[in-house]
Amino acid sequence: MWLPGHLALSFLLCLPLLVMVKRERLLALYFMAFFALLPDFLHLGELRVFTHSLAGLTFMLLLSLGILAALFRPRPVMYVIGAVAAFGHLLGDLYIGSVHPFWPWDDTWYHLHLFNSPFDISAEVALSSIALLLVIALFGPFRLHGSRRQLDRRESRNLYLLGALVAVMALLQGGYYALILYLGGGDVMRYVLLLFFAIPLLYTMSLLLPMTFPLRERRAASGPSSSGLRKL
């Protein structure tokens, strides 16, 4: 699967957990997004066999969760969301693509449908459309955007890190997909799928860019009063 399909499938798998989370729902969504893409961060040559196996993904999952736990101490539900989303990636690539679930004991790869086929593109557009409609109906993109203010400093930094990594992956994989379209063309559905690369990238950028401003604004606001105190 491409990035939109993985995001959509993991979102649907994690939806009951996401509904349970209230104040930190935006952060929970980015836990889901990051771990839904986790195996593809090392999608390089022979490393793909490692990342798309149960043993390899478990190692990556535990390492990533351990780092996030040490840095940000997220709520336990975030770990569950991350695990469901990560193994949802293998489920997606089993359905469309390929996985090596029993590596290193068995190098056999398994798949049900071919990657980047007309069926793949149509399925990913359908899944992405369903996921987008559910996000709009249940959570509201603008409400989610505004809920960033409810996060404390530790949670905001966690969101910034995960959001930046998701944005980088969306930009790189979306650029590669756009290059394939430019060189080889395609039907309407292939261009529609490009939209579902752009939506998470642009939304994430809208979250990340303002995150550098509040500290500067507070410093600017406190500047005159601080200087006045020093004069006194």
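- Of all heavy-atom pairs between His6 and Leu37, the closest is CB-CD2, 4.2 Å.
- With sequence neighbours left out, Ser98 forms a side chain to side chain donor-acceptor pair (under 3.5 Å) with Arg48.
- Heavy-atom minimum distance, Ser128 versus Gly5: OG-N, 4.3 Å.
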Would you mind writing out the side-chain donor-acceptor pairs for residues 170-180 within the sub-3.5 Å range, not counting sequence neighbours?
unit_1	atom_1	unit_2	atom_2	d
Gln173	OE1	Leu3	N	2.6
Tyr177	OH	Arg190	O	2.7

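- Considering all non-hydrogen atoms of both residues, Arg148 and Ser156 come closest at O-OG, 4.4 Å.
- The side chain to side chain donor-acceptor pair (under 3.5 Å) check on Arg75 picks up Glu24, with sequence neighbours excluded.
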Steps toward side chain to side chain contact (heavy atoms under 4.5 Å, CB included) verdict (Phe35, Val84): CA-CA 8 Å; Phe35 283 99; Val84 173; over 6 Å; no
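- Leu144 meets the side chain to side chain contact (heavy atoms under 4.5 Å, CB included) test with Arg25, Leu26, Leu29, Val135, Phe139, Tyr203; sequence neighbours excluded.
- Residues His89 and Leu38 form no side-chain contact, since every pair of their non-hydrogen atoms from C-beta on lies 4.5 Å or further apart.
- Among the candidates Arg73, Gln150, Arg23, the single residue satisfying the side-chain hydrogen bond (donor to acceptor under 3.5 Å, both in side chains) test with Glu155 is Arg23.
- Side-chain atoms of Phe102 and Trp109, non-hydrogen and from C-beta on, never get closer than 4.5 Å to each other.
- Here His113 pairs with Tyr95, Phe119 under the ring-ring contact (aromatic ring centres under 6.0 Å, His included) rule; sequence neighbours left out.
- A 4.5 Å side-chain heavy-atom check between Tyr79 and Val77 finds every atom pair outside the cut-off.
- Residue pairs meeting the side-chain hydrogen bond (donor to acceptor under 3.5 Å, both in side chains) criterion with at least one member in residues 26-37, sequence neighbours excluded: Tyr30-Thr204.
- The closest side-chain heavy-atom distance from Leu71 to Asn158 is not below 4.5 Å.
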Worked verdict on Phe11 versus Leu18 for side chain to side chain contact (heavy atoms under 4.5 Å, CB included): CA-CA 8 Å; Phe11 170 79; Leu18 295 171; 3.6 Å; yes
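- The side chain to side chain donor-acceptor pair (under 3.5 Å) search around Asp107 returns none, not counting sequence neighbours.
- Under a hydrophobic-cluster definition in which Ile, Leu, Val, Met, Phe, Trp and Tyr are linked whenever side-chain heavy atoms come within less than 4.5 Å, directly or via other members, Ile136 and Val125 are assigned to the same cluster.
- Clustering ILVMFWY residues whenever any of their side-chain heavy atoms sit less than 4.5 angstrom apart, transitively, puts Leu183 in a cluster other than the one holding Leu181.
- Under the 4.5 Å side-chain criterion, counting only non-hydrogen atoms from C-beta, Leu17 is not in contact with Met32.
- More than 12 heavy atoms of other residues, nucleotides or ligands sit less than 6.0 Å from atom CH2 of Trp103.
- Residue pairs satisfying the side-chain hydrogen bond (donor to acceptor under 3.5 Å, both in side chains) criterion with at least one member in residues 57-66, sequence neighbours excluded, are absent.
- Considering all non-hydrogen atoms of both residues, Cys14 and Ala85 come closest at SG-N, 3.8 Å.
- Residues that satisfy the side chain to side chain donor-acceptor pair (under 3.5 Å) test with His111, not counting sequence neighbours, are absent from this structure.
- The 12-atom threshold is exceeded at CE of Met189, counting heavy atoms of other residues, nucleotides or ligands nearer than 6.0 Å.
- For His100 and Asp106, the side-chain atoms include no donor-acceptor pair closer than 3.5 Å.
- The shortest side-chain heavy-atom distance between Leu68 and Leu161 falls under the 4.5 Å cut-off.
- Partners of Phe41 by ring-ring contact (aromatic ring centres under 6.0 Å, His included), not counting sequence neighbours, listed by chain and number: Phe34.
- Trp105 and Met60 are assigned to two separate hydrophobic clusters, defined by single-linkage of ILVMFWY side chains at heavy-atom distances under 4.5 Å.
- No chain of hydrophobic side-chain contacts below 4.5 Å, direct or via other Ile, Leu, Val, Met, Phe, Trp or Tyr residues, connects Ile199 to Val168.
- Residues satisfying the ring-ring contact (aromatic ring centres under 6.0 Å, His included) test with Phe115, not counting sequence neighbours, are Trp2.
- The one candidate from Leu114, Asp120, Leu9 that meets the side-chain contact (heavy atoms from CB on, under 4.5 Å) condition with Ile96 is Asp120.
- At least one donor-acceptor pair closer than 3.5 Å links the side chain of Ser53 to the backbone N or O of Phe50.
- Although no hydrogens or angles enter the test, the distance criterion places no donor-acceptor pair under 3.5 Å between the side chain of Ser10 and the main chain of Ala36.
- For the pair Leu159/Leu208, no side-chain contact is recorded, criterion being any heavy-atom separation below 4.5 Å from C-beta on.
- Among residues two or more places apart in sequence or in another chain, the side chain to side chain contact (heavy atoms under 4.5 Å, CB included) test is passed with Leu90 by His52, Leu54, Leu57, Phe87, Val99.
- Side-chain heavy atoms closer than 4.5 Å link hydrophobic residues (I, L, V, M, F, W, Y) into clusters, and following such links, possibly through other members, connects Leu132 to Leu12.
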